[in-house]
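Notes for the one structure printed next.
Naming: A, B, ... by sequence-line order, numbering from 1 per chain.
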Amino acid sequence: MEQVKVSLKDGVEKVYQKGITLLEIAENISRKLGKEALAAKVDGVIKDLSSKVDKDCNVQFLTFEDEEGRKVFWHSSSHVMAQAVKRLFPETKLAIGPAIDEGFYYDFDRDESFTPSDLEKIEQEMAKIIAEDYAFCRKNVSKEEAIEELNKINEPYKVELVEALPEGAPISFYQQGEFKDLCAGPHIPSTGRIKAFKLTSLAGAYWRGDEHNKMLQRIYGISFPKKSMLDEYLTRIEEAKKRDHRKLGKELDLFSIHEEGPGFPFFHPKGMIIWNLLTDFWRKEHSKRGYQEIKTPIILNEELWRRSGHWDHYKENMYFTKIDDMNYAVKPMNCPGGILMYKTDSRSYRDLPIRLGELGLVHRHELSGVLHGLMRVRCFTQDDAHIFMMPSQIEDEIIGVIDLVDYFYQIFGFEYNVELSTRPENSMGSDELWDQATAALQGALDKKGMSYKINEGDGAFYGPKIDFHLKDSLGRTWQCGTIQLDFQMPERFDLSYIGADGEKHRPVMIHRVIFGSIERFIGILIEHYAGAFPVWLAPVQARILPISEKHMDYAYKVKKQLEEAGIRVEVDERNEKIGYKVRDAQMKKIPYMLVVGDKEANENTVSVRTREKGDVGQKPVETFIDEVLTLASKFN
RNA sequence: GCUGAUGUGGCUCAGUGGUAGAGCAGCGCACUCGUAAUGCGCAGGCCGCCGGUUCAAAUCCGGCCAUCAGCUCCA
């Protein structure tokens, strides 16, 4: 009998008989691996465990611990769901059913819509299929066979998918029990491996993600090889929901959004404290770096927006109005205003770069379905700046902005992803200038040694951009900072500067934001800190808790002392027990609770309880003030 | 925008054709209290909006508005 050499991880080599299956190898290595292995990577290609080994190779077994293993597991789970749906609703047509980052979905086409009680039935049927423990069996077919088979079982979406495949591409079917589906695989050995699962939501999704196509019904689910893992997952989701900025914004009285103005947030006094701290910090840091601040109007003549290209490329997102029969637009961006400002004087090469910052309020018409708390709104304040410079200054300026973004984000403890977005379809200018601009951004990123993802076709209509993305509590990412390099606007507005040669030259512009939108940034901050803001940002830094009504006078005396030192403080004057007041302050996530009673009043002290550590003991008022000021002054 | 779900006091939610309910928050009174909820009482609601069915609608039907989830991840 012929033998094959199999190298495993850690360089271990084993010899087996040719034709042995991967599952047999896993079982041979250990019983545990035999039970936990879901698929295996053979010379870098992921395969079913039922595949046979007929030549020397490298094998790496994949379990639920591996991302690729989880994907296989979830993909198989989606097949189980499809099988259940076909059993219960045989008229349903199947579209696609992939694994996603967390779980899986399957898109179905059925005239009637699925209801939540249908989901329960599907779950029950899935449980049966799992208990029946069917093996996933692969069968390779030719393109013609595949189309014939799919026509026979009447799956038009699958036929469309196969027809789009290139000639000679490998095509396979997988079958478990009576259910057969077109699928590249691989799959887990059998349905019984799925020990816990839950169908999580129901949503519409266009066939092939194109809104011109039919809308299908998508069912999302998640599954695990252990029941305890599902429970952990569900508690994690619950915890994440508690951090939701929309919930915390209400509870902590930071902002509100009303039916009277969908997508137009109201900032409450406590929310404005955070806002102003952020913008104070922003102003200080920008002025240190040679930025000047300007302010441009919200409404400007429509003609300006035609000239800037917004009319042609951004009209759908703009609001328009009329003044004395003349057409005006509400600004969706600050750049044209900044450009008009640039043109108010003749500029010399000695003046460049000119860095004009603006906390500009912009309005954009977003589709109603995409509005989301402070994260996606219809009016927001950009911490914008436009840098006008000579071509030779491009790289230094871009690097300066990258450094500034990094400096800001590390202060809040954010990790971020960087993306480079290239020329979109509906854009203006020559390919040559676009290539030049894209290369400049890329060059700066490479010089900084930053890793980034390329986002084809996602640039602004006037230039490519570097985007900085931050994560929300549920792991969704939001674009915050961006740096856009623009050769188009200077051209359109005929911007110039006088060079050393005495001739007119064309400057280049950078559009950039650091926070992105103050609204979105505050939303991200709320979720990042779960509402427990660091002392310097906390809207209320300390709350004084008098033991009883007798201690009210002393409480107000301490309040005055703290206020004079610049500490944001309030007194809980309700006639309640101390435990009640502590609990309330704790839930409002106030960093310091100052308990004051007879002892403190006599000794001119406060008993300090911190949000994180609890009771930390009694100390003189002055000592407490010094400690807080030291902490809070770190950033301003 | 599209698909689905949801909309009842400041907040969280119960109420499925017959006079709108609870808990928390608020206000009042009593207690004067030492580190995560003291007790009693009071007040608070065009049941998202408009229309229809009905003797009667928070409840059933239609339209609209808003909110939530998804709509990129390609068998």
Using purine N1 to pyrimidine N3 plus N6-O4 or O6-N4 for Watson-Crick, or N1-O2 and O6-N3 for G-U wobble, both under 3.5 Å, which nucleotide pairs with [N]?
N	answer
B:U35	none
B:A22	B:U12
B:C49	B:G63
B:G28	B:C40
B:C71	B:G1

[N] versus [M] - spacing of their [atom1] atoms, nearest Å:
N	M	atom1	result
B:G70	B:G26	P	35 Å
B:C11	B:G48	P	13 Å
B:A56	B:G18	C1'	7 Å
B:C49	B:G45	P	14 Å
B:U32	B:U38	C1'	11 Å
B:G9	B:G4	C1'	29 Å
B:A58	B:C46	C1'	12 Å
B:G21	B:C47	P	14 Å

Under 4.0 Å, counting only non-hydrogen atoms across every strand here, what does [X] touch: a base, just sugar-phosphate, or nothing?
X	result
A:Lys599	base
A:Tyr157	nothing
A:Ile171	base
A:Glu576	base
A:Gly597	base
A:Asp584	nothing
A:Leu165	base
A:Arg246	sugar-phosphate
A:Leu161	sugar-phosphate
A:Pro170	base

Short side-chain N/O contact from [X] to OP1 or OP2 of [N], under 4.0 Å:
X	N	answer
A:Lys550	B:C33	yes
A:Ser201	B:A69	no
A:His372	B:A69	yes
A:Arg574	B:C27	no
A:Arg583	B:U35	no

Q.
Centroid separation under 6.0 Å, is that true for the rings of A:Tyr134 and A:Phe136?
A.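 When the ring centroids of A:Phe136 and A:Tyr134 are compared, they turn out to be at least 6.0 Å apart.
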Q) Is the A:Phe73 to A:Phe64 ring centre distance short of 6.0 Å? A)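 Centroid separation for A:Phe73 and A:Phe64: below 6.0 Å.
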Among [options], find the nucleotide with the atom closest to the side chain of [X].
X	options	result
A:Ile547	B:C68, B:C33, B:G4	B:C33
A:Ser548	B:U67, B:U32, B:A36	B:U32
A:Val370	B:A69, B:A66, B:G1	B:G1
A:Glu259	B:C11, B:U32, B:C65	B:C65
A:Val595	B:G34, B:A66, B:U3	B:G34
A:Ser607	B:C33, B:G34, B:C2	B:G34
A:Glu600	B:G34, B:C73, B:U67	B:G34
A:Tyr580	B:A36, B:A25, B:C68	B:A25
A:Asn575	B:A66, B:G70, B:A30	B:A30

In whole Å, what is the span from the [atom1] atom of [X] to the [atom2] atom of [N]?
X	N	atom1	atom2	answer
A:Leu594	B:G34	CG	P	18 Å
A:Leu202	B:G4	CG	P	9 Å
A:Asn602	B:G34	CG	P	16 Å
A:Tyr105	B:G4	OH	P	19 Å

Could you verify whether a donor N or O on one side chain and an acceptor N or O on the other, from [X] and [Y], lie under 3.5 Å apart?
X	Y	answer
A:Thr605	A:Gln618	yes
A:Glu419	A:Gln479	no
A:Glu102	A:Trp74	no

Side-chain heavy atoms of [X] within contact of [Y], under 4.5 Å:
X	Y	result
A:Asp598	A:Ile547	no
A:Leu150	A:Val162	yes
A:Asp244	A:Glu527	yes
A:Met593	A:Gln586	yes

Q.
On RNA chain B, does the nearest nucleotide to A:Tyr206 precede the nearest nucleotide to A:Val162 from the 5' side, or the other way round? Give the residue.
A.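 Final value for this comparison: A:Tyr206.
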Q: Starting from the 5' end of RNA chain B, give me the residue, A:Arg609 or A:Ala205, whose nearest nucleotide shows up first.
A: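 Its nucleotide being nearer the 5' end, the pick is A:Arg609.
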Q. Is there a donor and acceptor pair, one atom on the side chain of A:Glu549 and one on the base of B:U32, closer than 3.5 Å?
A.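 Donor-acceptor pair under 3.5 Å: yes.
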